[in-house]
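Here is the structure we will look at, set down as structure tokens.
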There are 2 protein chains.
Amino acid sequence: MPSADPRYPVDPWRIREDSFDPASIARSETIFALANGWLGMRGSFEEGRCTATPGTYINGFFEETPIAYGETAYGYAKNRQVMVNVADAKVIRLFVDDEPLDLSTGALLSYERALDLREGVLDRKLRWRSPGGRDVEVRVRRLVSLTRQHAAAIEYSAAVSGRPVRLRLESAINADVPNAAAGADPRVGSHLLQRPLVTAGVSAAGRSASLRQETRNTKLALACAVTHDVQLPAGGTVKESAAAGAEEAVFRVEIAAAPGTALRLVKYIGYRASREHAARGLADRAAEAAAEAAALGFDALCAEQANLLASFWRRADVRIEGDDGLQQGLRFNIWSLLQSAGRDGRTSLAAKGLTGQGYEGHYFWDTEIYALPFFVYTKPEIARSLLLYRVNLLDKARARAAEMSQRGALYPWRTIGGEETSPYYPAGTAQYHIDADIVHALRKYLDAVPDRDLLLQGGAEMVFETARLWADLGDFIPDENGEFCINEVTGPDEYSALVDNNLYTNMMARENLEFAAALADRLGAEDVEEMRRISRAISLAPSEIERWRAAARRMRIPYDRDRGIHPQDDRFLSRARWDFEGTPAENYPLLLHYHPLVIYRHQVLKQPDVVLAQVLLGWRFSAADRKRNYDYYNPLTTGDSSLSPCIQSVAAAELGYTEEAYRYFTRTARMDLDDVNGNAADGAHIAAMAGTWISVVYGFAGMRDAHGRLSFSPRLPARWTRLSFCLLHRGRSLDVEVTHDSASYRLREGGEITFSHRGRTVTLRQGEAQSFSLEPQLECVIFDLDGVLTDTAELHYRAWKRCADELGLPFDRTVNERLKGVSRRDSLRIILRNAGISMPEGRQAAAAERKNDHYRELIGAIAPGDLLPGIPDLLRRLRSDGVKTAIASVSHNAAEVVQRLSIGPLIDCLVDSRGVVKGKPDPEVFFAAAEALGVPFENCAGIEDAQAGVEAIRAAGMFAVGVGAGLKGADWTVKSTAEITARSLKDRFSRWRPARRA
Amino acid sequence: MPSADPRYPVDPWRIREDSFDPASIARSETIFALANGWLGMRGSFEEGRCTATPGTYINGFFEETPIAYGETAYGYAKNRQVMVNVADAKVIRLFVDDEPLDLSTGALLSYERALDLREGVLDRKLRWRSPGGRDVEVRVRRLVSLTRQHAAAIEYSAAVSGRPVRLRLESAINADVPNAAAGADPRVGSHLLQRPLVTAGVSAAGRSASLRQETRNTKLALACAVTHDVQLPAGGTVKESAAAGAEEAVFRVEIAAAPGTALRLVKYIGYRASREHAARGLADRAAEAAAEAAALGFDALCAEQANLLASFWRRADVRIEGDDGLQQGLRFNIWSLLQSAGRDGRTSLAAKGLTGQGYEGHYFWDTEIYALPFFVYTKPEIARSLLLYRVNLLDKARARAAEMSQRGALYPWRTIGGEETSPYYPAGTAQYHIDADIVHALRKYLDAVPDRDLLLQGGAEMVFETARLWADLGDFIPDENGEFCINEVTGPDEYSALVDNNLYTNMMARENLEFAAALADRLGAEDVEEMRRISRAISLAPSEIERWRAAARRMRIPYDRDRGIHPQDDRFLSRARWDFEGTPAENYPLLLHYHPLVIYRHQVLKQPDVVLAQVLLGWRFSAADRKRNYDYYNPLTTGDSSLSPCIQSVAAAELGYTEEAYRYFTRTARMDLDDVNGNAADGAHIAAMAGTWISVVYGFAGMRDAHGRLSFSPRLPARWTRLSFCLLHRGRSLDVEVTHDSASYRLREGGEITFSHRGRTVTLRQGEAQSFSLEPQLECVIFDLDGVLTDTAELHYRAWKRCADELGLPFDRTVNERLKGVSRRDSLRIILRNAGISMPEGRQAAAAERKNDHYRELIGAIAPGDLLPGIPDLLRRLRSDGVKTAIASVSHNAAEVVQRLSIGPLIDCLVDSRGVVKGKPDPEVFFAAAEALGVPFENCAGIEDAQAGVEAIRAAGMFAVGVGAGLKGADWTVKSTAEITARSLKDRFSRWRPARRA
């Protein structure tokens, strides 16, 4: 349960602090950072006192320094790239009778700082008594314009309340700013060896000033210009001056102020940057940006900002009722995403956005896998720009692939400028999956936004070149049955490294390969000329596309049949389990307390890997596999990565572990506001913030978008009363609202939309709405066969008895009881164990075959009259009531029995042992029936006569009816099938409330 | 074939250069380096001109600096340790009329430099004409005393031949010396960021001087002192002076020399070092060392040196006749080993000895695995000292284990002071096998040198603590059949990293564990008090020793039954083979041209791994496995490590690939003399040098010493005519001499020795000698059963026919021909393939069983009369001639057939399919028979009637007799067994010369 941190009180739209806390300076600088995707300013005080890391950042503006290796090797990343802290234009120092405003001195009489997310203006108010006893009231409003990429503005007002004083404001552009240094924590950026920026010119004249900076190695240039508007109280003397120093341009204004009068200064700020040192007129262009803002005036800038945000929130807001703290956290996260994402196709979304230098300002897969869905469905133009960033760096990715001895293109694990900059390749370059992640994101975007231009202007090439990488990276390995293996890679989970056939990597690579082949086909058919041009440009031959298909077809997908789970990699299950019980809480995150060798040697996860694959590629997994995977991996997942909880939350929600999903959600929803990880000071966790949107939309609303087909399967946490949001999809705007009782959909804009709700297809026209009850309603009844529909149990007994007699094994009805619901081979094992006899595998197969021969002989005589009491009526009535029916049996002969019973027309679906990996009590056979019929498990009832069967139904989250005595855990137990009528069943079902997983 | 580098002409005992070559300065400094295991001086010219890296090193004297990581992590090695270049006392500058002697100016009239390995004195003679036209004749002799650890001396004579000149000598101790810098090659040491040594005092008075230095971080101190003896020509003026500068102490002497007169200066040098800066009297002790040498005089020092060397060579010399270049190389290598090894239990043997700063002067496993055998068998006191070095660092190894979250002790992969200093853990700390390597070496030493003291004074503790490490590092893994798995380690081959169950590591760990358990037993029985003391000291409980045994017993030993080889690790065979064909020659070594990920992803070896295990632990492998392992891995081995060829050479020699063994040997025997790797300038390849001794003794002489039992199986390369050497073993001194015709053994010293020669036990008393012919002689005949001893072939045909009829499969004698020598299951597969029918595995087993039932029925009727013509006589005659007999059959029923034929008493050994992994044409069954009888394969004949059998015999390197027509490749083909008599067989055998593998 999230208890809102008192630092930032709960408030649906505002982030505010009501007091000044010296210990929280750095953290508040992160929380109150303002940015517009290009220019970012941390929320440090203008006065330059009581600040921690007063950063100003420009997206994509970075310096490079060589990486020092203890021991280097061929192909290592050569240079570190670091987003630099540029000249600070926020500086406005206030002096009261020459005493500087400094909250750590004098007396702070009142203090408040707030950021209204609908206005986008940081607003600070305080009353301060100087050490000399002068009172001053200050209000500062700051904005970084979301409509004007290069502009920001600050309004600084100081009013005098006590006796007359001299007020002086010094407004500066200061180039002498530090860059963040790193300690032992690898998650914090390392320091630059020397100051990255050289000041190349400072000028000040009248109320304007400018300053130029250049990076030493990357040869980038920037200019910052300011111009001031001064409002003076009437009367009094005024002194104004401007000065240009070596590292600072200053504008000063001083007045003698009477009590009740105020000095108001508005500072309009322009920043421009260039990829060339020699860029001409950079300072002029910066001055222009400042002047344009000045011409508009501060209030008009505020109005622009509010207008843009109103329009943004109309699309992007997610409303949660029942939890104001989470509501606030979620909105803050969405706000932060808007602030951080690059919009120009040359920049992306740094791990900490533009709020700090953590992770050195690098772009990771965070953008594509975590942040992109939000933008695709709320701001597709930003999604496009982020993808364009990758397309624009295709040549560098080609060069990197060549350096890594591969064909195609290999994107860098972490970068700003496009080069690989990860100094630790096992958790860097080895994460080849970045290629497939990017293509996954591109495909998701294209599914929601038809965009032929992006495809033809590099997108398709990127898809082909990444497919090429995979086809060349892997090999068809003879010792692995000729399967296509991708060895020596690292998957998303960084607590394993350099593994063979990481499940996530191989599945994502397969998608990449298949998509590339399909795209080549489609373009070859629909865009013949363009496809010809692209093929020529990258020398793409049909034989290569064939290899992509073959690699995809023969891709090794690790699977463990015993457990019915996907191993994370070929060796994962051969590692020892981490000793969680023996690990003290203070030893987390493990990476700070154990050598990588120790961590890699064990079954322990930093973040979901298999489970991430099933969240991204759900349709590739059976429901039973998804459940077993989650149940296996979740206890092994430390969550030492902030990317963990949102994925765990989605996976848990899907399985009906709603409260578990909720707990994970709460860990990220206010991660930075509550400083959950204790490092908010270094910058915001942008990917985790994006993850909260994913948790809500993919998790609690159960949205899925495989192949661009939207579907919903909502499951609201107990504490919430309502959830609503809007999705943009192919130009349509769909409102979704979920309560515990119902889910409603309304097409706000666009001609028509088709999607599915809980397996039902829904079509809406513009303005239309439709609502669906979420109350449990019996949609499907899944019958066990033997002992429920007919008493083949007796036939099984007789067949086993005959078989046991032939083998000279003891066998009676007591032993027979233990065979109910158990597969044939396992039944034989029970009989053998009972007899204390071992038998070679080959002979067991033969014996089981013999039993089946006997059984088949016996079932030859089954007829409709063998249906158990009440069953014929029940089946007919369910059919007429529109309730679906299925048979879930582990028998191999179910189809024949059904046929002889003549109930085929009354049964919608038959799942037998051929379709499943694990028998009861695993829920797989019940999941499979519900999945085949498109019914959510909550709306299914299962009927069983065996304990293992009842357990399987409950594990599937369905209503369990037990037939016979001594069955534990059934939701309803009957003595005979005669008691089960359609009415009694529905009645019982309607009173049932599924047990929620705690 | 080694062509001696003309730089150092072939000469059995001397290393010399006959000309001055500016391009070879650095290399010659390595070759002419002098050292005594503690003090090392590179062979740079005294004059300080035309030098490259005039290094002076003290073993174990190092500086530390923090390692800079691009991205650091918990448990990484913290500091770099670098053996430093200390104050240079070699400096003696000659001025001729104020012109400095500088070989790059003026004219060099003659030049020669030589090092006689029997004298240990570097001797340089030259005549030089100065640019000003003055002629001078110079002779310089230098020694680093092998008898006096802290002393060295230089005799410098200058004679005038033309007109009178002024001669001035400036003899200095110079502290201003550089340390080697590193480039991109990770094999060269990295540079220190700042000068590691601070000069703490310089003094000069009269003819003596001294200088003190201290390291900044490790706080070590050293002093160097010199004293001079001057011999002047009669008459003339003499000027002498002494001066102490900031970084140099100088003694000057100047004379006016008439033609024909000479100036002779002898410089006596003393070095002392201390682990404390504050060490008192260090300079005095250095001066003492110099004074003691001076008191003796230069000629006496030379005599001491020669005496010591005479005694050394008596034990350590290895004589090769037939190849003077290799002879020279081998002696140079042995000399280098003597020079490099520490003797004080506080220092070890650096990768480059004391000849250069390559690999930063670090100690690796090279010492234990490569160098130690030489010392064990020629200078056991040095072997002891090297092991004591490890024992003395046990506490640091304990601390490192704890840091790595393990119990016990973990030795550092590379170190000087005992701390882990490897900056790249995948090829550093991950090489846990260092622990087992050290214990392997300790055990080898103890096998040859009973040394209770070493055991009780830390040796046993080291064995226990390393066993503890293994027991804690590995786990019994359920998914691996409960086997004890050691995951996430790197084996000796550094072209694989972070693998699971590296064969070498697991086998060596098993030895470590077993040895520890056995030692605990032995001490518990024989040294009750001591064992109690040790157990208390390290809290050793009996349950822990049980776990050692269990871990050893259940140790996972990867084995691939299809290929009959040991995979290098669990995943090795699932990797793609390296594209050797597509790799240009200039791309070797691969590590300089491919990213580690690319290398690790493939089947490619830097150096032997499985093959190293079989060289070290041969008795753990069958001969067939050894051959298959070698044949599989050798083509995958690049030899990019200089540690490769000697091991490949030993493995090849053992298999009879003598010429291949010879080629590998030649690659290391003159590695530095011929600069094979092109980096001799950085220092000598000490481990490779030790490897040449291993190649000769373990390879060509076939010495083995498992459990301290010596055995020999010599195989001389074609080019050599004689090989002889001496081994010290448990106080006995055994001379071994091998020619192509014979091997001779003589016990030089010691009461009695027992060893084995080619499987025969030999016992010698002091002074006794024994000689054995190496000419091929028929010692064993190995018979195939079916078709050679009796015609069960017909019975097989009838059994198969009946079986095929039952299954309704076509079968006739043509198909039957293809079944000869083929296993039962494979035979069935051939029949099925012929019929074009597939059959499930389980039913195949049953069908094969049916055939066997028929066959067993048929063989029930076999009687002695069914022996084929001539066989009874042949067997009886071989028996009476003392030739052993064996049956090598793939049949499961061989034993029964032999019994029914009543030939059991005439057969020494029966190997059937149960004993082998792979059937014919694999040689395994023949190897197994020869091994069981202890006969070398060269002295075996095999008799076969099937093509696969003939191929198997030839693959085993035996004499192949083929019975029947159409057999290819047999050495002798007969139509009927009747033709084979004991006489005819011996006759044919005696004329046979096995084909040598090219």
B:N501, part contacting chain A, at a heavy-atom distance under 4.5 Å = side chain
query = Do A:F364 and A:Y359 have ring centres separated by under 6.0 Å?
reply = yes
query = A:D570 versus chain B, heavy atoms under 4.5 Å apart: side chain, backbone, both or neither?
reply = side chain
inquiry  = Heavy-atom pairs under 4.5 Å with chain A - which of B:P423, B:A576, B:G474, B:P840 has more of them than the others?
reply    = B:P423
query = Top residue by heavy-atom pair count (under 4.5 Å) with chain A, among B:I599, B:L573, B:L590?
reply = B:L573
message = Heavy-atom pairs under 4.5 Å with chain A - which of B:A68, B:G75, B:S574, B:A497 has more of them than the others?
response = B:S574
task = Indicate, with yes or no, if the rings of B:W470 and B:H433 have centres closer together than 6.0 Å.
result = no
task = Examine whether an atom of B:N487 lies under 4.5 Å from a heavy atom of chain A, and if so say whether it belongs to the side chain, the backbone or both; otherwise answer neither.
result = both
Chain A contact via B:A430 - side chain, backbone, both or neither, heavy atoms under 4.5 Å = both
task = Answer with yes or no after comparing the ring centroid distance for A:Y69 and B:Y69 against a 6.0 Å cut-off, counting only values under it.
result = no
request  = Please examine the side chains of A:L636 and A:V604, heavy atoms only from C-beta on, and report whether any two atoms are closer than 4.5 Å.
outcome  = no
ask   = Heavy-atom distance under 4.5 Å to chain A: side chain of B:E403, backbone, both or neither?
value = neither
task = Would you indicate whether A:R843, at its atom CZ, is surrounded by more than 12 heavy atoms from other residues, nucleotides or ligands within a distance under 6.0 Å?
result = no
request  = Please look at B:L473 and chain A and tell me whether the side chain, the backbone, both or neither of the residue comes under 4.5 angstrom of a heavy atom of that chain.
outcome  = both
ask   = Do any N or O atoms from the side chain of B:H602 and from the backbone of B:W578 form a donor-acceptor pair under 3.5 angstrom?
value = no
message = Report which part of B:F572 has an atom under 4.5 Å of a heavy atom belonging to chain A: side chain, backbone, both, or neither.
response = neither
Top of B:R575, B:E488, B:H593 for chain A proximity - count of heavy-atom pairs under 4.5 angstrom = B:E488
query = What part of B:F476 lies closer than 4.5 angstrom to a heavy atom of chain A: side chain, backbone, both or neither?
reply = neither
key: Residue pair A:Q603 / A:Y632, side-chain heavy-atom distance below 4.5 Å   = yes
inquiry  = If we check side chain to side chain contact (heavy atoms under 4.5 Å, CB included) with B:T421, which of these qualifies: B:H362, B:E360, B:R80?
reply    = B:H362
inquiry  = Can you tell me which portion of B:I477 sits under 4.5 Å from chain A's heavy atoms? Options are side chain, backbone, both or neither.
reply    = side chain
message = So which residue, B:A846, B:C485, B:P596, B:G428, ends up with the most heavy-atom pairs under 4.5 Å with chain A?
response = B:P596
ask   = Mind checking whether B:Y600 and A:Y425 have parallel, tilted or perpendicular rings, split at 30° and 60°?
value = tilted
inquiry  = Using modelled atom types and a 3.5 Å cut-off, is there a donor and acceptor pairing between side-chain atoms of A:D569 and backbone atoms of A:R571?
reply    = yes
request  = Tell me, for B:I67 versus chain A, whether the close heavy atoms (under 4.5 Å) come from the side chain, the backbone, both or neither.
outcome  = side chain
